[in-house]
Amino acid sequence: QVQLLESGGGTVQPGGSLRLSCAASGGTFTSGTMGWFRQAPGKKREFLAVFRWSGGGAHYADSVKGRFTISRDRAKNTVHLQMNSLIPEDTANYYCVLSTSRLIVSRLWAGENYDYWGQGTQVTVSS
């Protein structure tokens with residue numbers, strides 16, 4: 001049974017940084033796609049960044065490009081999201097996602113294309 005275990009959320013002041021981690025277990029993900037979405041209260045779910053394991057590199061939403069960096073530890077089936085220069089609008093519940101297949105670029109942005117979701121970790125940016 002595939003499980004995604006997220007960690008690293010919390011409260012930070014504007015301008016601060018946080019690093020989220022997500023470890024996948026229960027399967028083999030050598031050709032999958034893994035990354036992060038978020039959802040703030042009253043707002044739609046938002047794509048942030050993903051990594052395609054078997055090539056294709058990282059993809060980012062324009063809203064976080066230059067501030068957020070996704071990285072991976074392939075041996076540990078883990079992805080990290082380094083979030084810098086955080087602003088109050090980044091406050092949301094952050095979800096790790098996994099597709100067991102390598103999604104084409106046009107399918108990266110939609111949450112329904114991912115097979116598994118983590119339980120979410122709250123990030124609050126507030127002074």
Side-chain angles (χ1 to χ4, degrees):
Q1 181 178 359
V2 173
Q3 289 188 320
L4 302 177
L5 182 61
E6 300 141 326
S7 61
T11 299
V12 64
Q13 291 188 340
S17 299
L18 280 175
R19 186 178 189 237
L20 305 182
S21 297
C22 177
S25 61
T28 304
F29 313 110
T30 54
S31 61
T33 305
M34 192 168 172
W36 299 90
F37 280 67
R38 70 184 177 189
Q39 188 165 21
K43 293 192 175 181
K44 288 184 177 180
R45 185 168 61 191
E46 179 185 13
F47 167 88
L48 295 178
V50 295
F51 216 112
R52 296 192 289 178
W53 291 113
S54 61
H59 298 264
Y60 295 93
D62 288 342
S63 60
V64 303
K65 204 173 288 185
R67 296 192 301 126
F68 291 10
T69 303
I70 191 170
S71 60
R72 64 175 176 176
D73 183 336
R74 197 163 183 168
K76 296 182 180 179
N77 288 332
T78 298
V79 292
H80 307 283
L81 187 68
Q82 178 65 42
M83 306 186 293
N84 298 328
S85 303
L86 286 163
I87 58 178
E89 290 75 16
D90 293 318
T91 296
N93 212 359
Y94 284 64
Y95 295 92
C96 181
V97 296
L98 171 69
S99 167
T100 54
S101 62
R102 183 178 182 273
L103 297 176
I104 59 174
V105 172
S106 62
R107 294 175 62 83
L108 294 176
W109 328 113
E112 55 265 30
N113 293 325
Y114 294 84
D115 304 302
Y116 300 97
W117 287 69
Q119 295 209 339
T121 184
Q122 178 67 33
V123 170
T124 302
V125 184
S126 173
S127 55

- Considering the options Tyr94, Trp117, Tyr95, which one meets the ring pair (Phe, Tyr, Trp, His ring centres under 6.0 Å) requirement together with Phe37? Trp117
- Message: Check for me, please, whether Leu20 and Phe47 land in the same ILVMFWY cluster - side-chain distances under 4.5 Å, paths through other members count.
- Response: no
- Task: Any chance you could measure Cys22, atom SG, to Leu81, atom CG, to the nearest 0.5 Å?
- Result: 10.5 Å
- Message: So, taking the atom named CZ in Arg102 and the one named CG in Leu108, what distance separates them when rounded to the nearest 0.5 Å?
- Response: 9.0 Å
- Query: Same cluster for Val64 and Val79 if Ile/Leu/Val/Met/Phe/Trp/Tyr side chains link at under 4.5 Å?
  - Reply: yes
- Message: Determine whether a donor-acceptor pair (N or O, by modelled atom type, separation under 3.5 Å) exists between the side chain of Arg74 and the backbone of Trp53.
- Response: yes
- Item | Flag, side chain of Gln39 to backbone of Asn93, donor-acceptor distance under 3.5 Å | no
- Supply the atom-to-atom distance Leu48 CG to Phe68 CZ, rounded to the nearest 0.5 angstrom. 6.5 Å
- Message: Whether the side chain of Thr91 engages the backbone of Val125 through a donor-acceptor N/O pair (distance < 3.5 Å, no angle test) should be reported.
- Response: yes
- Heavy-atom closest contact (Ala24 atom, Met34 atom, distance): CB-CE, 3.8 Å
- Query: Transitively linked via ILVMFWY side-chain contacts under 4.5 Å: Val50 with Val2?
  - Reply: no
- Message: Quick check against the 3.5 Å criterion: does Tyr60 have a side-chain atom that pairs as donor or acceptor with the backbone of Ile70?
- Response: yes
- Task: Just do the side-chain contact (heavy atoms from CB on, under 4.5 Å) check on Asp90 and Met83 with the steps written out, would you?
- Result: CA-CA 9 Å; Asp90 293 318; Met83 306 186 293; over 6 Å; no
- Task: Mind listing the closest non-hydrogen atom pair of Ser85 and Ser17 along with its distance?
- Result: N-OG, 4.4 Å
- Message: Would a single hydrophobic cluster contain both Val97 and Val123, if residues Ile, Leu, Val, Met, Phe, Trp and Tyr are joined by side-chain heavy-atom contacts under 4.5 Å?
- Response: no
- So, for Arg45 and Gly111, which heavy atoms are closest and what is the spacing to 0.1 Å? NH2-CA, 3.8 Å
- Query: Looking at OG1 of Thr33 and CG of Leu103, how far apart are the two atoms once the value is rounded to the nearest 0.5 Å?
  - Reply: 4.0 Å
- Is a salt bridge present between Glu89 and Lys43, judged by a nitrogen-to-oxygen distance below 4.0 Å? no
- Approximate separation, where rounding is to 0.5 Å, of Arg52 CZ and Ser99 OG: 11.0 Å
- Query: How many angstroms lie between CG in Leu4 and CD in Gln119, if you round to the nearest 0.5 Å?
  - Reply: 10.0 Å
- Ser126 side chain to Thr124 main-chain N or O, any donor-acceptor pair under 3.5 Å? no
- Message: So which atom in His80 and which in Ser21 form the shortest heavy-atom distance, rounded to 0.1 Å?
- Response: ND1-OG, 2.8 Å
